[in-house]
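Letters A, B, ... are given to chains in the order of the sequence lines, protein chains preceding strands, and every chain is numbered from 1. Here the structure is a predicted model, which is why all the values come from computation and not from measurement. Just so it is clear, the values below take in all heavy atoms, side chains as well, and ignore hydrogens, waters and symmetry mates.
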2 protein chains.
Amino acid sequence: MDLRQLRYFLAVAEAGSFTAAAKSLHVSQPALGYQVKQLEERYGTPLLERHSRGIRTTKAGAVLAEHARKIMGEVEAAEAALGKMRKTPQPVLSLGVTPTPGRAIAPELVAASALGAGPKIALREGLSDELARLVLAGELDAALCYDPQGVERLSPVPLYSEDLYLVGPPNLVGAQGDLAFADLARLPLVLDGSFQAGRRLIEQAARERGMSLDLIEAEAVTVKRELLVRHGRCSIVPLGLFYEEIRAGQLAARRLTDPAVSRSLVLITRAQLPAARRRELENALQPLVTSRIAAGELAWRHPSP
Amino acid sequence: MDLRQLRYFLAVAEAGSFTAAAKSLHVSQPALGYQVKQLEERYGTPLLERHSRGIRTTKAGAVLAEHARKIMGEVEAAEAALGKMRKTPQPVLSLGVTPTPGRAIAPELVAASALGAGPKIALREGLSDELARLVLAGELDAALCYDPQGVERLSPVPLYSEDLYLVGPPNLVGAQGDLAFADLARLPLVLDGSFQAGRRLIEQAARERGMSLDLIEAEAVTVKRELLVRHGRCSIVPLGLFYEEIRAGQLAARRLTDPAVSRSLVLITRAQLPAARRRELENALQPLVTSRIAAGELAWRHPSP
DNA sequence: AGGAGCTATAAATAGTTTTTATAGCTCCCA
DNA sequence: TGGGAGCTATAAAAACTATTTATAGCTCCT
């Protein structure tokens, strides 16, 4: 018996399927199958009933899950106890985040990283292409960003993809519901100059339709907010960025369609960073991202791939 | 954190030294050092103070040991619970034992193997050379025996070595204390024909001293006992073999010296048996052997290596 | 019947642990 | 105070274990 086996087994039992658990653990599905099978062979009893729609625990599986939770609890307690007795400072992992995820998950992330056994996380805010550059240069260990060009070398791991919205004064943006891309032609826009993924997608879609956009450029979020709220401009951004203002009725938002414009939030990591550390980070980030979505603060949806 | 790390750490903490723990776990000393270091690095605090005479736990080490014991306890509980729900029969491991260890440890061993996660042990009794032959032929998975000749291929692992005693009627054997080998000349002996290690050692020592021995041969333990108790003969055997009779005063025993005659109890295993299974077996046998020694039933002493 | 959505299997790769061999330290004792 | 016994540390090679990738096969649903 092995903590990894228990952790994998528990994830599968709780997710209700190997595939789902594999996604949440950032591990391949056969890896889970292998470890669960080891457990089953060792103790001579099936733990999971496999169906074509997922799995269900057997009686023995339920018993093991119970014990496994207790064991994992004890392990956490041990780690917490040790965490309080550190002599050496916690290793620091520098993580870049873009504004939207920054608002949504950063505080929780930093708080969580201060305890426990993992590295302490030092945050830095920036836009996607800037963060990618810093990761490439080795000045950041990792970054959460909207996959800019030429980041294949940084083995991007998609966490989620999200749709972009037209956001602006209620009188300009108009009714609820989706908005066809073509309708952007009549609107005064403000777009981010370095907004690689989003900006590129938007301009390309406009070019394909022969549209010309009435746009000015602004990078800083505070500047953009002023332009939207006080100067009657609109922008194309993820819902989360101006979530508060939208809830307050200061701004309105409509999802773009035809084509829908969406971009993926990915985690990129320094090439040298060991795979185990990388996975640790993914596993720390994933639930935070997921929980912010559940809380409705980010209008993200699950990634297609 | 990892159960292996906890197990190793605990063994070292309890044994008071890496070297001693390595012996009891049947693992090399650097393997322990490596795993403990992993723990220490991960949690940023030393767990053990290293001295030239062994180790002592630090404060953090003591805390971890406490937690580790609890965790290991939970793990055992989980294994026991699963063990009761087996659907598939436990795999069977066939183990040969010679008479002395057979008497001392076999019952406990078989009882222990019926529970838990390890294989079920099927015992077979025999003398060393016979057992070695069966292991070589693949008819036994492993055997506890007194290293006979030509067993190098079976990677013998020494568990203990023991001194041989002259045992016989009190009036012949005489006073307490050691007995010089030369004094055997005057005694009527009964030795085991196939008693490879012991018999060979004895005959060689006699040859070197130009002694001739008054001996007859008998293999079966019951026959030997009759010859000693009722027919006034003596034998050269490990103390454990006639422990009951000696305690009862029917027979007397004196350790041979000058030269002392001793032989090693080793575990031999089928060459194909995976290393992990082999170590599992060693780890199951070792404490049983040790506890029988502590109980005084076997007059063995620790091996020199 | 066909397709979506699972799990199983196999082969190659990557990663970790163990061993073997040796160096270096500390204490004890003559 | 030097020598030796008994530890732990370190490094390189070998053995082992886990993960991925790619694909096959199954079951349910329409």
Between [X] and [N], does any side-chain N or O lie under 4.0 Å from OP1 or OP2?
X      : N       : result
R53(A) : dT7(C)  : no
Y34(A) : dA11(C) : no
S28(B) : dT19(C) : yes
K37(A) : dT9(C)  : yes

For the pair [X] (side chain) and [Y] (backbone), establish whether a donor and an acceptor sit closer than 3.5 Å, ignoring hydrogens and angles.
X       : Y       : answer
T269(A) : R278(A) : no
E40(A)  : L47(A)  : yes
T88(A)  : T45(B)  : no
D141(A) : L95(A)  : no

To the side chain of [X], which of [options] is closest?
X      : options                   : answer
Q35(A) : dA18(D), dT20(D), dT16(C) : dA18(D)
V27(B) : dT17(C), dT19(C), dT19(D) : dT19(C)
T19(A) : dT17(C), dT20(D), dT7(C)  : dT7(C)

Integer-rounded Å distance: [N] [atom2] and [X] [atom1]:
X      : N       : atom1 : atom2 : value
Q29(A) : dC26(D) : CD    : P     : 16 Å
R56(A) : dC6(C)  : CZ    : P     : 15 Å
E49(A) : dT7(C)  : CD    : P     : 13 Å
D2(B)  : dC16(D) : CG    : P     : 19 Å
K23(B) : dT8(D)  : NZ    : P     : 10 Å
I55(B) : dT26(C) : CD1   : C1'   : 16 Å
H26(B) : dT19(C) : NE2   : C1'   : 16 Å
R50(B) : dC27(C) : CZ    : C1'   : 19 Å

Report task. Determine, stepwise, if the pair D2(A) / L3(B) fulfils side chain to side chain contact (heavy atoms under 4.5 Å, CB included). Result -> CA-CA 6 Å; D2(A) 180 349; L3(B) 290 185; 5.6 Å; no

Query raised in the report: Which residue lies toward the 5' end of DNA chain C, S52(A) or P30(A), if each is placed at its nearest nucleotide?
Result: S52(A)

When we call it a touch if two heavy atoms are under 4.0 Å apart, what does [X] touch: a base, just sugar-phosphate, or nothing?
X      : result
G33(B) : nothing
F18(A) : sugar-phosphate
S17(A) : sugar-phosphate

